[in-house]
Protein chains: 2
Amino acid sequence: MYTFAEENYIKAIFKIAEREQNSVGTNAIAKVMSTSAASVSDMLRKLSDKGLIHYEKYKGVTLTHDGSRLATQLIRKHRLWEVFLVDKLKFRWDQVHDIAEELEHINSDELIRRLDVFLGSPKFDPHGDPIPNAQGKFTLRNQVTLTDLQLEQQGVLVGVKEHTTPFLEYLNELKIGLGTHMKIIKINAFDESITIIINQSQKHNISKKTAANLQVKVVK
Amino acid sequence: MYTFAEENYIKAIFKIAEREQNSVGTNAIAKVMSTSAASVSDMLRKLSDKGLIHYEKYKGVTLTHDGSRLATQLIRKHRLWEVFLVDKLKFRWDQVHDIAEELEHINSDELIRRLDVFLGSPKFDPHGDPIPNAQGKFTLRNQVTLTDLQLEQQGVLVGVKEHTTPFLEYLNELKIGLGTHMKIIKINAFDESITIIINQSQKHNISKKTAANLQVKVVK
DNA sequence: GTTTATTTTTAGATTTGTCTAAATTATGAA
DNA sequence: TTCATAATTTAGACAAATCTAAAAATAAAC
Ligand SMILES: [Mn+2]
Ligand SMILES: [Mn+2]
Ligand SMILES: [Mn+2]
Ligand SMILES: [Mn+2]
């Protein structure tokens with residue numbers, strides 16, 4: 001139906017639109033796709049012709065209903081495959097993104113329906129990201145980033161914003177994973193780094209940048 | 001590393017070379033790939049440049065060592081995925097070929113290594129075809145086609161030559177699958193059709209063409 | 001051993017996705 | 001408001017994979 005390239009652009013547009021609120025610009029897409037603005041312009045015309053985006057020259061783009069559905073289905077497939085790789089094939093959470101990036105393009109509704117059943121219809125992937133259901137609806141969850149917590153407050157890690165291998169390997173070294181309990185015991189005014197206690201035992205000092213990529217559920 | 005198109009050509013050449021003994025011609029490849037002889041000529045030059053085939057104009061091709069290894073690895077991936085789809089996701093054997101045709105191109109040695117372990121290192125796929133090991137070696141097996149059996153001889157189905165959905169669905173209707181016991185009780189001289197008894201109960205008359213696509217292990 | 005017929009290759013085009021360089025439009029600072 | 005800068009699109013080109021039509025090489029028939 002759609003080429004890999006088209007699908008990857010649609011996913012990129014969806015993800016940019018998720019954080020920025022307004023319409024998505026050519027340069028922003030070029031950056032995410034690691035390509036030139038000229039190539040993006042070419043592709044936007046094509047995606048518009050196929051009815052996946054609303055596009056007016058120089059005005060940026062938004063996804064159409066069809067584009068939005070395609071994006072959520074790709075995200076659903078990507079995250080279900082990640083669950084498969086970690087739960088069934090015993091990959092670590094830092095190894096699965098690139099493989100899922102290929103698997104997400106396999107074209108079979110029946111395959112995804114059965115994979116979902118096989119995995120027990122998981123609601124979150126190995127990085128804590130919600131898996132949209134077959135209708136594209138995401139499960140919402142109360143969460144804040146670790147930087148939002150006050151001194152002495154506690155939280156349980158439920159997600160990570162950054163998915164790159166170096167970041168996840170760093171968390172592995174620190175023995176931080178989904179479900180890890182964290183308590184803020186010091187906030188350094190100088191560089192905004194924070195000191196935390198992991199699972200009531202290990203003490204670590206982490207940068208603001210790291211903390212900003214950790215999503216936690218507050219516990220009392 | 002290689003494009004999907006290149007991989008599919010290499011697989012096609014391997015499969016043709018498997019039955020015909022001599023070097024593989026342009027038209028034979030074009031037929032298998034459902035494309036024009038001109039397109040095949042273009043691609044052969046490319047595959048030769050990449051060191052995957054031995055190619056001399058007008059003389060047909062053979063796979064190089066690298067080409068042969070690529071082919072067996074693709075077949076290994078294809079058949080392991082078919083086992084996954086049938087054993088784990090409960091697809092029927094007639095539903096899995098096309099999906100595996102896509103999955104075989106996913107690029108990760110670690111993925112296949114782990115998939116193999118997860119599936120218990122199966123030696124045969126859902127159609128009874130041998131799965132080459134990581135070194136490309138196939139498990140051999142004593143087998144003949146059903147047309148080779150004499151009157152009153154018995155066999156157990158261990159493989160099918162044809163993998164198309166219509167053929168496999170026809171076998172489903174007849175309740176014939178891998179492991180099915182068959183005894184020849186009549187050979188019709190006129191059209192060479194044969195009458196068999198399935199699992200000591202059901203009686204069926206099947207055409208010579210059907211019989212020629214059933215591979216059995218002889219039992220005494 | 002010529003002459004057909006078949007097989008295979010080349011020529012010239014097309015589509016997809018990409019590029020660099022240049023032109024155009026929009027924006028924001030003075 | 002005008003001018004400089006940034007964002008975006010267009011122009012022209014290229015590699016990959018395909019096509020049809022035509023030419024060339026090989027094989028088969030007589
Ligand atoms: Mn992708
Ligand atoms: Mn993920
Ligand atoms: Mn294939
Ligand atoms: Mn098979």
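Each chain gets a letter, A, B and so on, in the order the sequences are listed, and its residues count up from 1.
- With Asn133(A) contributing its side chain and Lys137(A) its backbone, the two residues share a donor-acceptor pair below 3.5 Å.
- For the pair Tyr2(B) OH and dA17(D) P, the interatomic distance rounds to 13 Å; values are reported in whole Å.
- Contact annotation: Thr35(B) reaches the phosphate of dC19(D) (side-chain N/O to OP1 or OP2, under 4.0 Å).
- What separates CE of Met33(A) from C1' of dC19(C) is a distance of 15 Å, to the nearest Å.
- Counting to the nearest Å, the C1' atom of dT16(C) and the CE atom of Met43(A) are 8 Å from each other.
- Aromatic rings of Tyr9(A) and Tyr2(A) (six-membered ring for Trp) have centroids beyond the 6.0 Å cut-off, not under it.
- Among residue pairs with one or both ends in residues 98-114 of chain B, those qualifying as side chain to side chain donor-acceptor pair (under 3.5 Å) are Glu7(B)-His105(B), Asn8(B)-His105(B), Lys11(B)-Glu101(B), Lys11(B)-Glu104(B), His78(B)-Glu104(B), His97(B)-Glu101(B), Glu110(B)-Arg113(B), Glu110(B)-Arg114(B); sequence neighbours excluded.
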Readout for nucleotides 8-14 of chain C: B = base within 4.0 Å of protein heavy atom, S = sugar-phosphate only, - = neither; 5' to 3' it is BBB----
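- Across every non-hydrogen atom of Thr145(A) and Ala211(A), the tightest pair is CB-O, 4.2 Å.
- Between Asn8(B) atom CG and dA16(D) atom P the separation is 17 Å, expressed in whole Å.
- With a 6.0 Å cutoff to the six-membered ring centre and a 45° limit on the axis angle, Lys161(A) does not count as a cation-pi contact of Phe167(A).
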Working for salt bridge (charged side-chain N to carboxylate O under 4.0 Å, His left out), residues Lys50(B) and Glu6(B): CA-CA 10 Å; Lys50(B) 294 203 176 185; Glu6(B) 287 166 352; 2.9 Å; yes
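- As rounded to whole Å, 11 Å separates atom P of dA7(D) from atom NZ of Lys31(A).
- Phe4(A) has its CZ atom 14 Å from the P atom of dA17(D), to the nearest Å.
- For Glu6(B) and dA15(D), the CD to P distance is 15 Å, given to the nearest whole Å.
- Atom pair Glu7(B):CD and dA17(D):P shows a separation of 11 Å (rounding to whole Å applied).
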